[in-house]
Amino acid sequence: MDLPTQYRPAEVEGRLYERWVQAGLFTADPARDPSRPPFCIVIPPPNVTGSLHVGHALDHSIQDALIRRRRMQGYETLWLPGTDHAGIATQNVVERELAKEGLSRHDLGREAFVERVWRWKAESGGKILGQMRRLGDSVDWTREAFTMDEQRARAVRTIFKRLFDDGLIYRAERIINWCPRCLTALSDIEVEHAEREGELVSIRYGDGDTEIVVATTRAETMLGDTAVAVHPDDERYRHLIGKEVELPLTGRRIPIVADEHVDPSFGTGAVKVTPAHDPNDFEIGRRHSLPSITIMDERGVITAQGPFEGLDRFEARPAVVAALREQGRIVKEVRPYTHSVGHCQRCSTVVEPRVSLQWFVKVAPLAKAAGDAVRDGRVKIHPPEMAARYFEWVDNMHDWCISRQLWWGHRIPVWYGPNGETVCPGPDEEPPAGWTQDTDVLDTWFSSALWPFSTLGWPDRTPDLERFYPTSVLVTGYDILFFWVARMMMFGLYAMDGVEPFKVIALHGMVRDQYGKKMSKSFGNVVDPLEWIDRYGADATRFTLLRGANPGGDVPVAEEWAQGSRNFCNKLWNATRFALMNGAHVRGDLPAEGLSSADRWILSRLQKVIAEVDEHLEGFEFAKACETLYHFAWDEVCDWYVELSKVQLGDERAEVTRRVLGEVLDKLLRMLHPLIPFVTEELWTSLTGEETVVTAPWPAADERWIDKEAEAELESLQRLVTEVRRFRSDQGLKPGQKVAAALRFGDSPLAAHEQGIRSLLRLTVPGEGFAPTASLPVEGVTVELDTAGAIDVAAERKRLEKDLAAARKEVEQTRRKLDNADFLAKAPEAVVAKNRARLAQAEADIARLESLLAALPKA
RNA sequence: GGGCGCAUAGCUCAGUGGUAGAGCACUCGCCUUACAAGCGAGGGGUCGCAAGUUCGAUCCUUGCUGCGCCCA
């Protein structure tokens, strides 16, 4: 086997991935061996316009780790990929393309435009799917789905019809969030609130006895006011309730009404009421049967007759204020005034609340069921603390506005007759001839909410659906727990007769930079996972993300950390390279005889690591699993076992050592495979001669190999070696410099390791005329060294004094405890014994150190 | 305003009612025949502040301060 000294991921990743896909290793078969338990994850479908960002990379690394481990454990696994059609985003992309040709979608007409979007999708959409291959995602490409493909369209038609017939979908005139740029309704969750600097203007309405001052951040909407509201208990205004005031600039007279929802402490305690342009005012208007006057068109341009007609809403605001000021009606102006403003998630335009006719899902019964599934424990949220957020959302959900005034999307399957009749045909039914279909399309989330079962073939009772529903776990960021996850829960429970769409919801956090800052383009701290894959490899990218992934927690990453992960992969590469160069193998059972205590130690440690890693991965503790494996591989296997094996490989223990080395690397690489699939595949197949590690059995801990004695012995050896290295370092002896030394073991079991110790410490056997200049007693062994010259007494004294100070502090601390009668009486026996042992050890250390100091020549 | 969470090494984070940990960064020394993407050694923390419970608190309780997130 001829491996280069450095691992070059670019040379193996593409080749291995292709081989995996060609071999069908990721393809699920519901008919294969029914005794295998199913394990299924549906991918949170990325936006078809999107490309792989570091958040996806984290999400996918976690899912791939879960699915690959289950595959090795013998589950029938399915990780189902796909994309969503992203109504607004995709339409925007194609409209921008058209704009370059000087066209709008209206120039093409609806049918041609939609065709054009499909063409765009075929040519440029779904870039992310190719990028997922580079990450190593072991998804089943034969089942790739799209929220607008034929099967998913059937699912949408089917569930819409059922909800419609059950009275859970209705059409009504309501105030909704409207984007004046995208020209569509938005649901609550598509609106992002952000602090903005605006103004708070106080305006005097009415005159003389019936005047009242209202404060507003949106002066222009006063043109559509139809009332002023005060709190019923507010003494300041009680005498005005029921009276009318003149609305400035318009000459209209509007009533003063009493409403409990008015906050008397805000502003003047009196609020203007504009039912057509504010959701709270809309409610007040309904309670008091107020008229609703729309003063803007769908683009936010003032339509109210008068001098402001034709002005944009943001031009109208100062114009209205100026006109009021001229009339002496401005009482107070606070500027800047910071307040929360809703923006369109897709284009950042300030959202305009607008009264319009829209379709809604009546969520109350669905949300109740979605909450109960978690309350009853049928669906587990991990980590459990996150459940609070989930309940907060599902228990307070507003009806969901599902209609969008777009062309790209599932068109609402409702047709209108010539006399205003309405019909909702099923997926296999035709609407009556000549009737016209509703022009709106459905919110993208409506089809995404069907994802866990539409991708498995619903509404048909397919073998996939039978075998894999409910899915095993949903992996996603806590940021979309409510809007996407809650919706899948609602629709899954509804469509699948009360069976939940997934058993576990595993949440992770956001990827952040090394200072814990959110990544943002404007801040310039965004990591492109594809660049990391190019520079450090997919494995290093994945390991960096997984290493930071604590359940529900944010994941900080940095370039240096990716380098560290790359280094780790390289370390594995070189450890395996060493093993192969020395004939390591996995043939036959581990020998029961002839194992050194080093062999028994590493095998014992291996079992514990297997058990720990298993526990961590079961609990979605990826950071801990990574930490355990990293530490074992680097600090135990490479730093100690491989070094000790060098001696064993040179004597009669060579054959046994080859088998043990092979054993340790075999299991280690298998455990690492779900986390870093490429390098482990390359190394494991070389080591074992097997076809692939993808379907190799997941290691199981074997308690028979646990060996406490060997562990204690090796720990003792490590302390001995470290102590002598410390002396060498203090004395300025170069690491490679050979030093003659005599080792006096007495009755220490470390005698068996003499050659190993000499090798680790570069100590040669003393020859004629050996004259030691230093003697180190440690771990019951005396090491006498000939440092070939006078030793650095000052350095040695410094070292010994430091150790002595630490030992004295230890004595002081433990003695204080042991002198305390309460401690002796109340502390558990084990704790007392432990402290007694510590005291004895520290006292022995003091004696040893003092005698060493006394023996040092005077400076 | 309501709810939740967090304060531990220079940075990012683990952690436990009984001797403070990791990675990276830092200092010193090394091309030691798997690996300089490496090896060896080392420095660095009154565990946010104050009080309480306890034989014992970084950990439990309360208050304070600072920070973050979600919702309105």
Side-chain angles (χ1 to χ4, degrees), chain A residues 3-8 188 193 263 265-266 280 340 385-386 388-389 391-393 396 478-479 481-482 509-510 512-518 536-537 540 544 547-548 550 552-582 584 621 623-624 626-628 630-631 634-635 638-639 642-643 645-646 721-738 759-762 799 802 806 809-810 813-814 816-828 830-832 834-835 837-838 841-842:
Chain A
L3 295 171
T5 63
Q6 284 189 341
Y7 172 52
R8 305 205 184 282
D188 292 348
H193 292 270
D263 176 3
S265 65
F266 176 78
N280 293 321
S340 180
E385 309 90 81
M386 289 283 180
R389 276 193 184 200
F391 291 131
E392 190 188 326
W393 177 258
N396 299 297
Y478 60 70
D479 55 328
L481 173 61
F482 18 92
M510 314 284 97
R512 292 169 179 273
D513 73 10
Q514 61 193 306
Y515 305 109
K517 277 214 163 57
K518 217 172 193 169
Y536 308 117
T544 304
R547 210 180 179 187
N550 289 115
D554 287 340
V555 180
V557 298
E559 184 98 18
E560 295 88 326
W561 305 353
Q563 283 167 13
S565 300
R566 185 259 325 251
N567 297 354
F568 177 57
C569 293
N570 196 50
K571 191 72 177 173
L572 294 169
W573 178 267
N574 276 295
T576 308
R577 196 165 74 93
F578 167 84
L580 290 171
M581 290 190 313
N582 287 281
E621 300 271 10
K624 285 183 182 152
C626 287
E627 162 69 20
T628 299
Y630 183 95
H631 176 257
W634 203 313
D635 301 339
C638 291
D639 286 353
V642 166
E643 292 305 323
S645 77
K646 287 175 183 173
V721 170
T722 302
E723 187 60 29
V724 178
R725 279 175 176 165
R726 209 152 73 125
F727 173 82
R728 288 187 57 129
S729 184
D730 286 346
Q731 291 300 317
L733 293 165
K734 312 267 187 247
Q737 188 178 330
K738 302 271 200 289
S759 159
L760 287 163
L761 289 168
R762 320 264 157 206
R799 156 72 48 206
K802 188 187 155 147
K809 194 177 163 197
E810 178 83 353
Q813 281 178 345
T814 47
R816 198 188 306 143
K817 282 191 181 183
L818 292 165
D819 285 348
N820 182 337
D822 281 335
F823 175 73
L824 295 175
K826 294 180 180 170
V831 174
V832 176
K834 204 168 165 187
N835 276 277
R838 279 175 57 193
Q841 178 64 53

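Every chain is numbered from 1, with letters handed out A, B, ... down the list of sequences.
Nucleotides B:A14 and B:C24 have their C1' atoms positioned 14 Å apart, rounded to a whole Å. Going from the P atom of B:U8 to that of B:G48 covers 6 Å, rounded to whole Å. With C1' as the reference atom, B:G40 and B:U32 are 10 Å apart, rounded to whole Å. Between B:C49 and B:U58, the two P atoms lie 10 Å apart (nearest whole Å). One C1' atom belongs to B:A9, the other to B:U27, and the distance between them is 15 Å to the nearest Å. Using atom C1' as the reference point in both B:C47 and B:G17, the two lie 15 Å apart (nearest Å). Between the P atoms of B:G18 and B:U61, the separation comes to 16 Å (whole Å). Taking atom C1' on both B:G10 and B:C70, the two are 32 Å apart, rounded to the nearest angstrom.
The aromatic rings of A:F568 and A:W634 lie parallel to each other, their planes meeting at an angle below 30°, with 60° marking the opposite boundary.
Ion pairing of A:R726 with A:E723 is present here, as a side-chain N (NZ or NE/NH1/NH2) and a carboxylate O approach within less than 4.0 Å. Salt bridge annotation for A:E627-A:R547: absent, with no cationic side-chain nitrogen under 4.0 angstrom from a carboxylate oxygen.
Figure legend: cation-pi geometry between A:R799 and A:F727 absent, as NZ or CZ is not positioned both under 6.0 Å from the six-membered ring centre and within 45° of its axis.
Residue pairs meeting the salt bridge (charged side-chain N to carboxylate O under 4.0 Å, His left out) criterion with at least one member in residues 556-576 of chain A, sequence neighbours excluded: A:R535-A:E559.
Stem analysis of RNA chain B (at least three stacked-register Watson-Crick or G-U pairs, each with both distances under 3.5 Å) gives B:1-7 with B:65-71, B:10-13 with B:21-24, B:26-30 with B:38-42, B:48-52 with B:60-64.
You'll find the side chain of A:S645 reaches within 4.5 Å of the side chain of A:F578, heavy atoms only.
The side-chain contact (heavy atoms from CB on, under 4.5 Å) search around A:V831 returns A:F823, A:P828, A:N835, not counting sequence neighbours. For A:N582, the side chain to side chain donor-acceptor pair (under 3.5 Å) criterion is met by no residue, not counting sequence neighbours. In this structure, the side chain to side chain donor-acceptor pair (under 3.5 Å) partners of A:N574, at least two apart in sequence or on a different chain, are A:R577. Evaluation of the salt bridge (Lys or Arg N to Asp or Glu O under 4.0 Å) rule for A:E392 yields no partner, not counting sequence neighbours. With sequence neighbours left out, A:Q841 forms a side-chain contact (heavy atoms from CB on, under 4.5 Å) with A:D845. Under the side-chain contact (heavy atoms from CB on, under 4.5 Å) criterion, A:K517 pairs with A:D513, A:F523, A:N525, not counting sequence neighbours. With sequence neighbours left out, the side-chain contact (heavy atoms from CB on, under 4.5 Å) criterion links A:S729 to no other residue.
Atom pair A:N835:CG and B:U19:P shows a separation of 7 Å (rounding to whole Å applied). Atom pair A:D635:CG and B:G21:C1' shows a separation of 13 Å (rounding to whole Å applied). Remark: P of B:U19 and CZ of A:R816 are 14 Å apart, rounded to the nearest angstrom. The nearest whole Å value for the distance from the CZ atom in A:R838 to the C1' atom in B:G18 is 8 Å. The CZ atom of A:R547 sits 14 Å away from the P atom of B:A14 (whole-angstrom rounding). Atom CG of A:L733 and atom C1' of B:U32 are 14 Å apart (whole Å). Protein atom OH of A:Y478 is 7 Å distant from nucleotide atom C1' of B:C69, rounded to whole Å. Regarding A:K834, its NZ atom lies at a distance of 14 Å from the C1' atom of B:G56, rounded to whole Å.
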Between protein and nucleic acid, restricted to nucleotides 33-40 of chain B and to nitrogen or oxygen atoms under 3.5 Å apart, what atom pairs and distances do you find?
unit_1	atom_1	unit_2	atom_2	d
B:A34	OP1	A:K646	NZ	3.2
B:A34	O3'	A:R577	NH2	3.0
B:A34	O2'	A:N574	OD1	2.8
B:A34	O2'	A:R577	NE	3.2
B:A34	O2'	A:R577	NH2	2.4
B:A34	N7	A:K646	NZ	3.4
B:A34	N6	A:C638	O	3.1
B:A34	N6	A:E643	OE2	3.2
B:A34	N3	A:N574	O	3.1
B:A34	N3	A:A575	N	3.4
B:C35	O4'	A:N574	OD1	3.0
B:C35	O4'	A:N574	ND2	3.4
B:C35	O2'	A:N574	ND2	3.4
B:C35	O2	A:K571	NZ	2.9
B:C35	N3	A:K571	NZ	2.7
B:A37	O4'	A:N567	OD1	2.9
B:A37	O2'	A:N570	ND2	3.0
B:A37	N7	A:Q6	OE1	3.3
B:A37	N7	A:Q6	NE2	2.5
B:A37	N6	A:Q6	OE1	2.9
B:A37	N1	A:Y7	O	3.4
B:A37	N3	A:R566	NE	3.0
B:G38	OP1	A:N567	ND2	3.0
B:G38	O3'	A:K571	NZ	3.0
B:C39	OP1	A:K571	NZ	2.6
B:C39	OP1	A:W634	NE1	2.7

What protein N or O atoms touch nucleotides 53-55 of chain B N or O atoms at under 3.5 angstrom, if any, and at what distances?
unit_1	atom_1	unit_2	atom_2	d
B:C55	OP1	A:K826	NZ	2.3
B:C55	O2'	A:N820	ND2	3.1

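For the 3.5 Å distance criterion, the side chains of A:D554 and A:Y478 qualify, holding a donor opposite an acceptor.
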Produce a footprint string for nucleotides 5-13 of chain B: one letter per nucleotide, 5' end first; B if the base is under 4.0 Å from any protein heavy atom, S if only the sugar-phosphate is, - if neither. ------SSS

